[in-house]
Amino acid sequence: MKDLRQPTEPFRIKSVEPIKLLSRVEREEKIKAAKYNVFKLDAQDVYIDLLTDSGTNAMSNRQWAALMMGDESYAGAISFRHFEKTVKEIFQKKYVVPCHQGRSAENLIFSTLLKKGHYVVNNTHFDTTRGNTLHKGGIPIDLPCPEVDSLDPLLFKGNMDTMRLEDFIVKHGADKIDMVIMTVTNNSVGGQPVSMKNIKEVSSICKKRKILFFFDCARFAENCYFIKKDEPGYENKSIEEIAQEMFATCDGVMMSSKKDGLANIGGLIAVNDEEIYRQITELMILIEGFPTYGGLAGRDLEVLSVGLKEVLDYSYLRYRVEQVRYLGEKLKEAGMPIVEPTGGHAVFIDAGRLLPHISPEGFPGQALTIAFYLEAGVRVVEIGSLMFGGIDPVTGEKVNAKKELVRMALPRRVYTNSHLDYIAEWASKIVADKDSLRGYKITHQSTFLRHFTCELEEMNTEDIKINS
Ligand code: F0G
């Protein structure tokens with residue numbers, strides 16, 4: 001019998017938010033009206049919302065108190081100074097730019113640093129980093145480590161493939177690669193962590209070849225927890241020390257602070273190079289706001305200053321990452337094939353393995369996503385060919401994702417384990433009825449990030465024949 005115990009919450013609950021489960025008939029109506037796209041559902045029609053861990057965090061009493069300390073001055077607010085000090089301490093950079101969220105940081109960085117037709121290499125781009133790279137005329141390249149495809153529960157599956165990185169640089173030339181980005185944790189391959197060893201190797205390759213090395217570090221603290229837990233030599237270091245060591249290796253960071261900022265909104269850029277900072281802030285004034293607030297309110301900056309420190313607390317991180325593991329174990333018991341080991345923020349179900357009768361063209365992940373809503377009122381998200389497939393901008397060919405996953409992302413400090421037990425019970429029922437699930441086809445889509453707005457319908461018998 002596996003030990004399913006997990007660390008008890010290192011907090012108690014002071015404020016509660018009611019949630020409601022609609023009837024099965026109501027859920028059928030709602031998902032039909034949403035054109036079988038869960039992004040189009042009203043949140044109040046969802047019972048347990050695991051769509052994302054982004055901006056859905058519960059704030060602490062200290063963060064709520066900090067809200068009142070917001071200095072809303074247009075320029076030079078003291079709230080910016082508090083934020084700047086915290087960011088400098090953790091990220092070890094000279095210049096700090098607040099942004100309203102991660103993708104605005106991406107827009108500013110890529111608009112400043114990318115040249116058309118040049119490459120951006122990443123362990124794996126998240127959808128918005130990929131979208132923003134393409135939007136600026138860049139070519140996003142993913143170089144995940146080979147272990148990522150292994151079904152074994154190996155450590156640090158989020159790493160970048162350093163051999164392929166070297167080869168890529170030799171083949172295409174360092175002057176054609178505008179930036180190497182390390183995404184920690186590696187969201188698109190299952191929230192898997194990256195080891196310090198891998199970070200240092202990539203950093204030294206970039207230094208040698210004079211290529212900018214950046215982090216996309218939305219979940220940096222969760223990554224540091226894995227390093228402390230699993231990488232020899234780090235067991236006695238604090239999370240803050242590990243973060244500092246990690247960020248000392250890079251030229252800059254972009255962060256969606258809606259994750260490990262433990263806040264509901266926010267992002268940041270931190271760089272060492274004065275010229276890059278100047279260019280970013282020039283553009284920023286045009287599109288985001290003055291550089292001491294960056295599209296955020298002063299109160300948001302105060303909340304982030306507290307959140308970015310709170311997230312470094314070991315007992316919090318242990319509870320957090322182990323809660324994700326608990327959900328993973330429960331889903332496995334229910335018969336769901338999952339990506340192992342579980343990552344930092346989410347459990348990724350392998351819908352391709354669960355539903356082999358649905359081809360990637362029928363989006364097995366979407367079929368499972370709809371099943372979770374219909375059966376249990378739970379909102380999850382497809383991370384497969386609906387999100388990453390489509391027409392390749394370089395070759396013009398139709399491509400599918402490497403894996404057909406479904407993500408159950410856990411908002412931080414929001415749901416208890418009995419919510420997770422409820423989900424696992426319904427997962428068993430879905431597994432029992434899995435052969436009855438059908439694929440979906442797109443009836444309307446946009447060019448970029450189609451999964452947010454596309455419309456779908458269930459495949460009929462004729463569609464299934466054409467696709468098989
Ligand atoms: N980078 C990574 C690794 C992310 O996971 C996200 C967002 C972003 C950048 C963009 O940040 O949303 O603040 O603009 N991920 C969310 C998710 C949306 O659900 O995984 P943003």
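Atoms considered below: every heavy atom in the structure, side chains included; atoms not considered: hydrogens, waters and symmetry mates. Bear in mind the structure is a predicted one, so any value in this text is a computation, not a measurement. In listed order, ligands and their atoms are each counted from 1.
- Contacts between H125 and ligand 1 below 4.0 angstrom, taking non-hydrogen atoms only, are absent altogether.
- The protein heavy atom nearest to atom 20 (O) of ligand 1 is R407 NH1, 2.7 Å.
- Here Q92 pairs with Q244 under the side-chain contact (heavy atoms from CB on, under 4.5 Å) rule; sequence neighbours left out.
- Atom 10 (C) of ligand 1 has T128 OG1, 3.3 Å as its closest protein atom, hydrogens excluded (heavy atom only).
- Checked against a 3.5 angstrom limit, the closest N/O atoms of G266 and ligand 1 fall outside it.
- With no hydrogens or angles considered, no side-chain donor-acceptor pair links D71 and H82 at under 3.5 Å.
- In the model, K258 has no side-chain atom that pairs as donor or acceptor with a side-chain atom of N57 under 3.5 Å.
- Among all protein heavy atoms, the one lying closest to atom 4 (C) of ligand 1 is F126 CD2, 3.5 Å.
- In the model, R130 has no side-chain atom that pairs as donor or acceptor with a side-chain atom of N122 under 3.5 Å.
- An N or O contact shorter than 3.5 Å links N187 to ligand 1 by distance.
- Atoms of ligand 1 found under 4.0 Å from any heavy atom of D216 (numbered from 1 in listed order, with element): 1 (N), 2 (C), 3 (C), 9 (C).
- Scanning the protein for heavy atoms near atom 16 (C) of ligand 1, the closest one is K259 NZ, 3.2 Å.
- F215 has its ring centre no less than 6.0 Å from the ring centre of F91.
- Just one residue in the list K237, K197, K228 forms a salt bridge (Lys or Arg N to Asp or Glu O under 4.0 Å) with E245, and that residue is K237.
- With sequence neighbours left out, Y293 forms a ring pair (Phe, Tyr, Trp, His ring centres under 6.0 Å) with Y74.
- Remark: minimum distance from atom 11 (O) of ligand 1 to any protein heavy atom is reached at S256 CB, 3.2 Å.
- With 3.5 Å as the limit, one finds a donor-acceptor pair spanning the side chains of E302 and S79.
- In this structure, atom 9 (C) of ligand 1 lies nearest to the protein heavy atom E106 OE2, 3.1 Å.
- The shortest N or O to N or O distance between K258 and ligand 1 is not under 3.5 Å.
- Annotation: side chain of R353 is in contact with side chain of L151 (closest heavy-atom distance under 4.5 Å).
- Ligand 1 has at least one atom lying under 4.0 Å from a heavy atom of R219.
- Atoms of ligand 1 lying under 4.0 Å from at least one heavy atom of T183, given by number and element, are 3 (C).
- Looking at V253 and F220, their side chains never come closer than 4.5 Å, going by heavy atoms from C-beta outward.
- Ligand 1 has no nitrogen or oxygen under 3.5 angstrom from a nitrogen or oxygen of T185.
- Using a 4.0 Å cut-off between heavy atoms, R103 contacts ligand 1 through both its backbone and its side chain.
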